[in-house]
Amino acid sequence: MTEYITRMGDGRTVTMTREQIYEDAMAGMADGADAAQVPSLSDEDIEQIVDIICNKNRIVAVERGHEVILTEDGGPHKFMLDSGSCCNGVEMGRIDVMETIERGIGFDTFELTTTDYSIKPVKPIVGPEMTAMQQAAMRLTVPCLYGAMPNMGLYYSPDGAHLNPADLMREFRIEEAQQNAEAAAEQLTRDIVYVSESMMSAGADGFNFDNTASAGDAEFVATLRGVEQLRKDYPGAYITMGMAAENVLGIHGEIEYDGQIVAGLYPNDQVKLCEKAGANIFGAVVNTNTSRSFAWNVARAATIVKDCVKNSNIPVHANMGMGVCGVPMLETPPIDCVTRASKIMAEVACVDGI
Amino acid sequence: MFVAHYMASGMGGLRTSGDLVARMQFTKKMRLNEAKEYVAKKLGVTTFEMSDEQIMRELREELRIGVVTGVPKAPRGISAKMNIEDLLGIKMNSCEFFRSLINKR
């Protein structure tokens, strides 16, 4: 029986028969449909996914005319930072990197970021960041946003002023944990408004809230409130909200946005709140399971994202960096899987962008 | 990874018309096909042709909306964006900011 070269979710090369790939794709789809409570893919969708995975070429691509928009997160620091993990460690100026990617790598948008890629660390350096934003806005032709993670973890002790809900919950101080999460959320919202509006006043086309809800449901609500205010003050701002994970962790458990408890929401419901708050583009995330095959992971991701795209009124861009939406979880994601996942998201899940 | 996504499914940014389609997704919350159709109509090409480097390279230079190669005197950056505003019938915050910096006589 013919064996096809494919990979596991951690990037290891394995060989599987077409039947095994089909079975894994069906199992991944069923898991995704169950987790997010969304419909299964059609038989044609699954056959298309299996055909793409079994393509014997090293890389694959969409048909001409099926291209999608590429946005990104991390900005020039994906190229510059030497973090010991995922960045390239190239020492050059930020705007030089941005022009290189605009003109050399064909991205449709880009963003300015700072080394410590979170809202809170931008506050004390907001002046120089506004100067850099002004220069970037003058030099780039593609839409140029400023990007930072809300990262509410920085507002808890030992880094921040509020007690850490995880520590409090271990001591069964549940109400106190919720109060601290709410207080941190209020502070984060104020900082989001301050930083994002500072950048808009310096010529940014918009703001990318990356890795939203990394600290759970209270962070998601804080970011939604910040986006709401930014939209009121800058009606023309380009606002992207990209998520941290496929579902919102219920660290608080009961916090609401617009009358809805946000803990546990999956992309098809997350997108509705982001739209309500005023986002223009929603970045959907589906986590990669490293011990499952690429077929299992990418079919699961396509199932969840396809329903999100179908039920959204705003463009949906699938987050497709390392370890999300079918892409294996390693620092140098293999291009055979990246291109296959990219094509599957564009042609099966029908995303508006990546 | 940027390169892999561009090769697999990217519109091409400044090489073609991806930045223009992205602007309509942001400005009017247009979904992909609607944004492509809007931009294609403004460019006077089909939605298939708008991702064709051979067609778009010359058209972008002619429309003065920024080109990816080093063409002397061709607008890029803020000057190209101001021409894109006119082409697409939109306003951009970066251009509004630039206009606010100028002492008009």
Side-chain angles (χ1 to χ4, degrees), chain A residues 59-62 64-72 78 101-103 105-109 134 137-144 200-206 234 236-240 275 280-281 312-315 320-322 327 332-333 335 338-340 342-343 345-346 350-354, chain B residues 1-36 46-53 60 65-70 75-81 84 90-98 100-101:
Chain A
I59 63 170
V60 301
V62 298
R64 277 187 70 181
H66 291 193
E67 299 88 356
V68 301
I69 294 302
L70 300 182
T71 49
E72 63 82 56
K78 284 267 173 73
I101 292 184
E102 174 188 78
R103 292 168 205 175
I105 304 192
F107 258 61
D108 300 310
T109 72
Q134 177 178 347
M138 297 300 117
R139 283 170 56 178
L140 262 71
T141 307
V142 300
C144 183
M200 291 302 295
S201 75
D205 279 328
Y234 285 88
Y238 300 174
I239 303 176
T240 304
E275 182 192 347
N280 303 92
I281 288 179
S312 175
N313 294 311
I314 60 174
M320 300 197 68
M322 55 191 77
V327 176
T332 49
I335 61 171
V338 175
T339 57
R340 278 166 177 74
S342 204
K343 180 175 168 69
M345 280 299 149
C350 304
V351 295
D352 300 280
I354 287 172
Chain B
M1 194 151 62
F2 281 176
V3 176
H5 278 304
Y6 171 43
M7 299 286 279
S9 58
M11 273 205 79
L14 267 188
R15 288 168 61 85
T16 57
S17 58
D19 60 319
L20 310 179
V21 175
R23 287 207 182 272
M24 298 320 298
Q25 287 197 347
F26 277 121
T27 309
K28 303 283 185 193
K29 299 183 184 178
M30 287 181 178
R31 306 304 295 268
L32 180 63
N33 291 338
E34 186 189 4
K36 281 185 177 180
T46 66
T47 53
F48 185 82
E49 290 169 332
M50 69 194 302
S51 299
D52 186 325
E53 290 90 339
R60 287 196 77 115
I65 55 173
V67 288
V68 76
T69 51
R76 58 167 46 134
I78 194 69
S79 51
K81 286 195 277 196
I84 292 170
I90 59 172
K91 290 290 178 200
M92 300 175 199
N93 191 62
S94 50
C95 296
E96 298 279 33
F97 172 67
F98 182 68
S100 77
L101 298 177

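By convention in this document, chain letters (A, B, ...) are assigned in the order of the sequence lines, proteins followed by strands, and residues within each chain are numbered from 1. Keep in mind that this is a model prediction, so the values were computed, not measured.
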Undergrad: Please look at Phe26(B) and chain A and tell me whether the side chain, the backbone, both or neither of the residue comes under 4.5 angstrom of a heavy atom of that chain.
TA: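 It is both, since atoms from each part get that close.
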
Undergrad: Which region of Lys28(B), side chain (C-beta onward) or backbone (N, CA, C, O), has a non-hydrogen atom less than 4.5 Å from a non-hydrogen atom of chain A, or is it both or neither?
TA: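 Neither part.
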
Undergrad: Let me know if Pro143(A) has heavy atoms under 4.5 Å from chain B in its side chain, its backbone, both or neither.
TA: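 Contact with chain B involves both backbone and side-chain atoms of Pro143(A).
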
Undergrad: Of the backbone (N, CA, C, O) and the side chain (C-beta and beyond), which part of Arg103(A) lies under 4.5 Å from a heavy atom of chain B, both, or neither?
TA: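 Both parts, backbone and side chain.
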
Undergrad: Give a yes or no on whether Met7(B) atom CE has more than 12 heavy-atom contacts from other residues, nucleotides or ligands under 6.0 Å away.
TA: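 Atom CE in Met7(B) is not crowded, with 12 or fewer foreign heavy atoms closer than 6.0 Å.
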
Undergrad: Heavy-atom cut-off 4.5 Å, strictly under: side chain, backbone, both or neither for Ile239(A) against chain B?
TA: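 The backbone, not the side chain.
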
Undergrad: Determine the minimum heavy-atom distance between Arg31(B) and Ser312(A), stating which atoms define it.
TA: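 Arg31(B) and Ser312(A) have their closest heavy atoms at NH1-O, 2.5 Å.
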
Undergrad: Name the member of Met320(A), Lys343(A), Arg64(A) that forms the most heavy-atom pairs with chain B at distances under 4.5 Å.
TA: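 Of the options given, most contacts go to Arg64(A).
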
Undergrad: Where does Ser201(A) contact chain B at under 4.5 Å (heavy atoms): side chain, backbone, both or neither?
TA: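 The backbone, not the side chain.
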
Undergrad: Less than 4.5 Å to any heavy atom of chain A: does that hold for the side chain of Met50(B), its backbone, both, or neither?
TA: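 For Met50(B), there is no contact with chain A at all, as no heavy atom is under 4.5 Å.
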
Undergrad: Tell me, for Ile281(A) versus chain B, whether the close heavy atoms (under 4.5 Å) come from the side chain, the backbone, both or neither.
TA: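 Contact with chain B is through the side chain of Ile281(A) alone.
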
Undergrad: Would you mind telling me which of Gly236(A), Ala137(A), Gly106(A), Pro315(A) has the largest number of heavy-atom pairs within less than 4.5 Å of chain B?
TA: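 Sorted descending by pairs with chain B, the first entry is Pro315(A).
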
Undergrad: Does the side chain of Met92(B) reach to within under 4.5 Å of the side chain of Ile84(B), using non-hydrogen atoms?
TA: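 When only atoms from C-beta onward are counted, Ile84(B) and Met92(B) do touch, with a gap below 4.5 Å.
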
Undergrad: Against chain A, work out which of Arg23(B), Glu34(B), Met1(B) has the most heavy-atom pairs shorter than 4.5 Å and name it.
TA: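 It is Arg23(B).
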
Undergrad: Roughly how far, to the nearest 0.5 Å, is the OG1 atom of Thr47(B) from the NE2 atom of His66(A)?
TA: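 Answer rounded to 0.5 Å: 9.5 Å.
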
Undergrad: How far apart are the closest heavy atoms of His5(B) and Ser342(A), and which atoms are they?
TA: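 In terms of heavy atoms, the two residues are closest at ND1-OG, 3.0 Å.
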
Undergrad: What part of Ser9(B) is in contact with chain A, defined as an atom under 4.5 angstrom from a non-hydrogen atom: side chain, backbone, both or neither?
TA: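 For Ser9(B), heavy atoms of backbone and side chain both lie under 4.5 Å from chain A.
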
Undergrad: Heavy-atom pairs under 4.5 Å with chain B: which of Leu70(A), Val68(A), Thr109(A), Val62(A) has the most?
TA: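 Of the candidates given, the most pairs with chain B belong to Val68(A).
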
Undergrad: Would Ile105(A) and Val3(B) satisfy side-chain contact (heavy atoms from CB on, under 4.5 Å), going step by step from the backbone distance to the final call?
TA: CA-CA 6 Å; Ile105(A) 304 192; Val3(B) 176; 4.1 Å; yes

Undergrad: Does any backbone or side-chain atom of Ile354(A) lie under 4.5 Å from a heavy atom of chain B? Answer side chain, backbone, both or neither.
TA: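 Contact with chain B is through the side chain of Ile354(A) alone.
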
Undergrad: At their closest point, which heavy atom of Val142(A) faces which heavy atom of Glu102(A), and how far apart are they?
TA: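 Scanning both residues completely, I find the closest heavy atoms to be N-OE2, 2.9 Å.
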
Undergrad: Looking at Glu96(B), Lys91(B), Arg15(B), Arg76(B), which has the largest count of heavy-atom pairs under 4.5 Å with chain A?
TA: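 The answer is Arg76(B).
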
Undergrad: Which pair of non-hydrogen atoms, one from Asn313(A) and one from Glu275(A), has the smallest distance, and what is that distance?
TA: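 Looks like CB-OE2, 3.2 Å.
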
Undergrad: To check you understand the geometry: which heavy-atom pair defines the closest contact between Ser51(B) and Met11(B), and what is its length?
TA: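 Heavy-atom minimum between the residues: OG-CE, 3.3 Å.
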
Undergrad: Which pair of non-hydrogen atoms, one from Gly65(A) and one from Lys36(B), has the smallest distance, and what is that distance?
TA: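 Shortest heavy-atom contact: O-NZ, 3.3 Å.
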
Undergrad: Can you say whether Val60(A) sits under 4.5 Å from chain B via the side chain, the backbone, both, or neither, judging by heavy atoms?
TA: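 Just its backbone gets close to chain B.
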
Undergrad: Please flag which part of Met345(A) lies under 4.5 Å from any non-hydrogen atom of chain B: side chain, backbone, both or neither.
TA: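 The answer is neither part of Met345(A).
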
Undergrad: Where does Ile65(B) contact chain A at under 4.5 Å (heavy atoms): side chain, backbone, both or neither?
TA: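 Just the backbone, heavy atoms under 4.5 Å.
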
Undergrad: Relative to chain B, which of Thr332(A), Ile314(A), Ile335(A), Thr240(A) shows the most heavy atom pairs under 4.5 Å?
TA: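 Winner by heavy-atom pair count: Ile314(A).
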
Undergrad: For residues Phe97(B) and Met200(A), determine if any side-chain heavy atom of one lies less than 4.5 Å from a side-chain heavy atom of the other.
TA: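 No - every pair of side-chain heavy atoms lies 4.5 Å or more apart.
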
